[in-house]
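Letters A, B, ... mirror the listed sequences (proteins, then strands); counts begin at 1.
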Amino acid sequence: EAQVTQNPRYLITVTGKKLTVTCSQNMNHEYMSWYRQDPGLGLRQIYYSMNVEVTDKGDVPEGYKVSRKEKRNFPLILESPSPNQTSLYFCASSSSGGSAYGYTFGSGTRLTVV
Amino acid sequence: GIQVEQSPPDLILQEGANSTLRCNFSDSVNNLQWFHQNPWGQLINLFYIPSGTKQNGRLSATTVATERYSLLYISSSQTTDSGVYFCAVFTGRRALTFGSGTRLQVQP
């Protein structure tokens, strides 16, 4: 089954403790992206990647890092999480980096930073 | 940047009723997608519809790009249709810009 897999689904952590949210897709998509969803602010892009070793900032990149060493994986790294990073996070991939066509989201990761 | 507005913001229906959700966008687009976010938070891809009309079961969508709007029709609604419906357009910044959503509640 074609899918984007995120792990973990739920995570509660403490301020300052580094964490990684993994994202993997099995559709051989070149484009991958991370979004966060917050009440009243909607979904906002954090980072995206057009291909292996090619990443760029989205609207809200502060406090996050990403890497794209392999085509299928696009982990989101929070080196020193803070409470304002409490959010619902989505990874997405697409067959076309210039289109909404085929845009597929993972199931989401609900992160709480205390 | 491009603005995406959805209406109505909230909608409550009885099971079996029909509904129309609207998405207006402020500039010409050639990419538009409708998503459903279910009560568990998952975002489900419904339609990629830059123009024209598509149908999938009880759902259909129409985009009139020249007039900058898209409509999502839900017929014979079921409780499983509940959730939030988003339209989104892909911008030159390599990101989807989402509308604020229509929250649909279908009551049995």
Side-chain angles (χ1 to χ4, degrees), chain A residues 2-6 8-10 23 25 27 29-51 54-61 66 68 74 87-111, chain B residues 1-7 9-10 21 23-52 54 56 61 63 65 68-70 72 83-103:
Chain A
Q3 60 185 357
V4 177
T5 303
Q6 289 179 234
R9 290 292 308 279
Y10 301 91
C23 175
Q25 50 94 4
M27 295 168 281
H29 285 171
E30 292 184 344
Y31 172 93
M32 297 185 75
S33 184
W34 278 101
Y35 290 80
R36 60 178 288 176
Q37 184 179 26
D38 302 288
L41 296 174
L43 284 113
R44 296 175 291 169
Q45 189 187 51
I46 303 171
Y47 269 95
Y48 68 94
S49 169
M50 296 295 289
N51 212 328
V54 181
T55 63
D56 209 344
K57 296 177 181 178
D59 292 325
V60 288
V66 293
R68 189 89 181 274
F74 191 43
S87 187
L88 178 58
Y89 291 87
F90 289 99
C91 181
S93 73
S94 170
S95 56
S96 169
S99 170
Y101 180 75
Y103 223 91
T104 303
F105 282 91
S107 297
T109 295
R110 195 170 292 277
L111 172 66
Chain B
I2 191 167
Q3 305 295 315
V4 181
E5 296 180 352
Q6 292 186 242
S7 60
D10 295 281
L21 283 57
C23 173
N24 293 332
F25 36 94
S26 61
D27 205 348
S28 299
V29 298
N30 55 10
N31 285 275
L32 189 137
Q33 189 92 47
W34 282 96
F35 294 93
H36 174 219
Q37 187 167 35
N38 65 24
W40 295 270
Q42 295 175 312
L43 279 164
I44 310 299
N45 195 329
L46 294 177
F47 293 103
Y48 171 72
I49 184 154
S51 64
K54 288 186 178 178
N56 184 1
T63 297
R68 302 181 186 173
Y69 73 89
S70 183
L72 180 69
V84 183
Y85 290 82
F86 292 101
C87 65
V89 298
F90 197 84
T91 72
R93 295 181 298 108
R94 309 292 187 187
L96 283 178
T97 297
F98 285 80
S100 54
T102 292
R103 185 174 299 275

- [ ] Calculate, to the nearest 0.5 Å, the distance between atoms CZ and CD belonging to Phe98(B) and Gln45(A) respectively.
- [x] 10.0 Å
TODO: Determine whether more than 12 heavy atoms belonging to other residues, nucleotides or ligands lie under 6.0 Å from atom CZ of Arg68(B).
DONE: yes
Task: Contact summary for Phe90(B) and Tyr31(A), nearest pair of heavy atoms - done: CE1-OH, 4.0 Å
TODO: List the atom of Asn45(B), the atom of Tyr103(A), and the distance in Å for their closest heavy-atom pair.
DONE: ND2-O, 2.6 Å
- [ ] Take Phe35(B) and Leu43(A), measure what side chain to side chain contact (heavy atoms under 4.5 Å, CB included) needs, and give me the verdict at the end.
- [x] CA-CA 12 Å; Phe35(B) 294 93; Leu43(A) 284 113; over 6 Å; no
TODO: Measure across Gln37(B) and Phe90(A) and return the closest heavy-atom pair with its distance rounded to 0.1 Å.
DONE: NE2-CZ, 3.5 Å
Task: Heavy-atom neighbours of Arg44(A) CZ exceed 12 at 6.0 Å - done: yes
Open item on the list: For Gln3(A), is the CD atom crowded, meaning more than 12 foreign heavy atoms sit under 6.0 Å from it?
Closed with: yes
Task: Which portion of Ser33(A) sits near chain B, non-hydrogen atoms under 4.5 angstrom - done: neither
